[in-house]
Amino acid sequence: MANENKLQAIIAHAKEYGFVFPSSEIYDGLGAVYDYGQWGVELKRNVREYWWKWMTQMNEQNIVGIDASIFMHPSVWKASGHIDNFSDPMIDNKDSNKRYRVDHLIEGFAETLAEEEGKALLADMDKYIAADDFAGLKQLIEINKIACPVSKTVNWTDVRQFNLMFSTEVGSVAEEASKIYLRPETAQGIFVNFLNVQKTARMKIPFGIAQVGKAFRNEIVARGFIFRMREFEQMEMQFFVRPGTQKEWYEYWKSERMKWHATLGIDSAKYRYHDHVKLAHYADAACDIEYEYPMGFKELEGIHSRTDFDLKSHQELSKKKMQYFDADIDPETGKAYGNYIPYVVETSIGLDRTVMMLLSEAYTEEDLSTEEKQDSRVVLKFIPKLAPIKLAILPLMKKDGLPEIAKELMEECRQHFKCFYEEKDAIGKRYRRMDAIGTPFCVTIDHQTKEDQTVTIRHRDTMAQERVHISEIKNIVLQSL
RNA sequence: GCGGGAGUAGCUCAAUUGGUAGAGCGACAGCCUUCCAAGCUGUAGGUCGCGAGUUCGAGACUCGUCUCCCGCUCCA
């Protein structure tokens with residue numbers, strides 16, 4: 001299937017079978033916001049829980065979790081650089097339809113001028129930017145006849161503000177209210193709690209703090225289904241290390257995170273690392289783990305060596321010492337390492353992007369036609385651990401006591417994993433419905449069950465069936481999880 | 001934001017030059033059925049994206065508007 005069609009098919013399937021719905025659809029929807037439906041939420045929860053366990057329980061490193069609030073003190077975003085770096089005035093060229101950050105455009109032009117002239121121009125620009133004077137900025141562009149590099153024209157729109165962060169007011173009385181932001185990343189919740197966690201959990205470096213939660217970003221263009229949403233969920237872990245060791249920990253987490261991906265049942269050829277050449281303001285090394293989505297390789301997870309940028313910024317702004325006292329002996333000096341601000345290696349993966357990866361990877365259209373008749377099915381090949389429903393229990397017919405036996409099995413199994421019971425329609429049709437939402441096992445109760453307590457267990461991917469004793473079903477499913 | 005394409009039932013689509021909305025699948029109820037969708041009967045479901053205009057009459061024509069998709073621009 002062509003990739004553009006595959007994306008369409010996945011979006012349609014996700015909606016049709018209750019995985020992902022457009023937000024507020026009855027009111028024409030809300031751009032780049034989606035809701036998870038009954039099966040989507042199970043899939044997403046399974047991913048989230050698996051990541052959490054893998055990080056905070058199964059991993060050999062010392063990692064604990066937190067759950068910080070979405071609202072944070074405005075100074076947090078001052079310290080993190082989000083206020084200064086991500087609220088840029090933008091301008092569009094009407095002929096080329098290209099959009100530019102105003103500062104980039106003017107800086108680019110300034111470089112073509114003589115040094116003194118350029119400096120003067122940039123000084124003017126900084127003055128206008130500091131004053132939020134957009135009309136002044138536009139005037140500056142017009143006076144200097146700064147042209148679009150593509151269209152070479154000066155046919156510009158007005159200058160507009162681009163805000164990465166969503167803001168709202170805290171305080172119920174309007175005059176007393178103060179502006180705060182919805183967090184654009186979860187990491188800062190970890191940094192501001194660094195001391196709390198380190199002290200109360202008596203954590204020793206190296207150690208990690210994990211968090212899963214919502215984050216919010218205005219996007220200039222929100223496209224690609226749940227790949228890029230305005231409200232999304234991140235699974236992040238900040239790993240605090242001794243300065244100077246960040247490079248080896250960066251490499252460690254680079255490979256460690258790929259090990260996690262290798263357990264998701266995804267073709268390893270669909271993954272690649274992408275090293276950042278141009279580094280963000282806080283990083284000394286950074287790479288992405290990319291997955292080949294239907295629209296191409298795209299960033300799924302980021303691994304960043306964030307240095308001590310964040311803790312240091314918070315220390316400066318808050319005047320609180322964000323230090324760790326390291327009693328370990330430095331072999332070079334024979335003395336304790338002493339007080340320092342830890343360096344940080346971050347792993348940050350998009351939960352929604354992971355769900356989209358799993359949907360993309362699992363979605364399979366199969367042609368089952370024989371010479372006699374045409375036949376096909378759509379099957380979602382999730383690994384059982386992540387599948388929304390683990391087991392469907394299907395009496396072959398809804399009479400002769402078969403539903404009663406099925407319900408007994410249902411009662412036993414539902415205590416351990418998500419089950420689905422259905423007695424309507426032909427058995428083949430019920431199998432196909434379960435295929436469409438990725439249920440790995442179906443068990444069918446028939447008349448023979450009444451005689452020898454055996455049932456048919458049917459495997460999703462191979463469609464193979466085997467006859468087993470009814471008492472084995474629970475363990476067969478549990479072993480696959 | 002710009003350019004292109006598309007909006008009719010849950011889904012896929014149909015409705016002669018404008019004449020007042022249908023089918024298949026799906027869903028639901030029942031019948032029949034001893035293991036891989038499309039056997040039988042019945043039922044529900046649509047102010048044709050929304051709003052104006054032209055007309056005796058608009059799903060169709062005109063204008064506006066909204067939403068979605070594709071491409072471009074920005075981006076941790």
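Lettering follows sequence order; numbering is per chain, from 1. Keep in mind the model is a prediction, meaning the values are calculated, not measured.
As rounded to whole Å, 15 Å separates atom C1' of B/C35 from atom CZ of A/Arg433. As a whole-Å value, the separation of A/Glu299 CD from B/C74 P is 17 Å.
In this structure a side-chain-to-backbone donor-acceptor pair under 3.5 Å is present from A/Lys390 to A/Ala387. Without hydrogens or angle criteria, A/Ser471 side chain to A/His469 main chain gives no donor-acceptor distance under 3.5 Å.
Taking atom P on both B/A23 and B/A29, the two are 22 Å apart, rounded to the nearest angstrom. Comparing B/A58 with B/U12, their C1' atoms are spaced 25 Å from each other, to the whole Å. Comparing B/G49 with B/C2, their C1' atoms are spaced 23 Å from each other, to the whole Å. For the C1' atoms, the distance linking B/G46 with B/A15 amounts to 14 Å, nearest Å.
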Dump the intermediate steps for side chain to side chain donor-acceptor pair (under 3.5 Å) on A/Asp310 and A/Ser313, then the final yes or no. CA-CA 5 Å; A/Asp310 297 278; A/Ser313 298; over 6 Å; no

Its contact letters, B for base, S for sugar-phosphate only and - for none at protein heavy atoms under 4.0 Å, make nucleotides 37-44 of chain B read BB------

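Between A/Ser24 and A/Asp35, the shortest heavy-atom distance links the atoms N-OD2, 4.1 Å.
Legend: salt bridge (charged side-chain N to carboxylate O under 4.0 Å, His left out) pairs involving residues 348-362 of chain A, not counting sequence neighbours, sorted by first then second residue: A/Lys44-A/Asp352, A/Lys270-A/Glu361.
Counting any heavy atom pair closer than 4.0 Å across all strands shown, A/Glu185 reaches no nucleic acid atom. Heavy atoms of A/Arg377 sit nowhere under 4.0 angstrom from any nucleic acid atom. Nucleic acid contact for A/Tyr34: sugar-phosphate only, since backbone atoms but no base atoms lie under 4.0 Å from a heavy atom of the residue.
Two residues, A/His304 and A/Ala464, neighbour RNA chain B, and the one matched to the more 5' nucleotide by heavy-atom proximity is A/Ala464. Of the two residues contacting RNA chain B, namely A/Ala12 and A/Leu396, the nearest-nucleotide position lying further toward the 5' end is that of A/Ala12.
Atom OG1 of residue A/Thr307 and atom NZ of residue A/Lys312 lie 7.0 Å apart, to the nearest 0.5 angstrom.
Among the nucleotides B/C28, B/U34, B/C35, the one closest to the side chain of A/His447 is B/U34.
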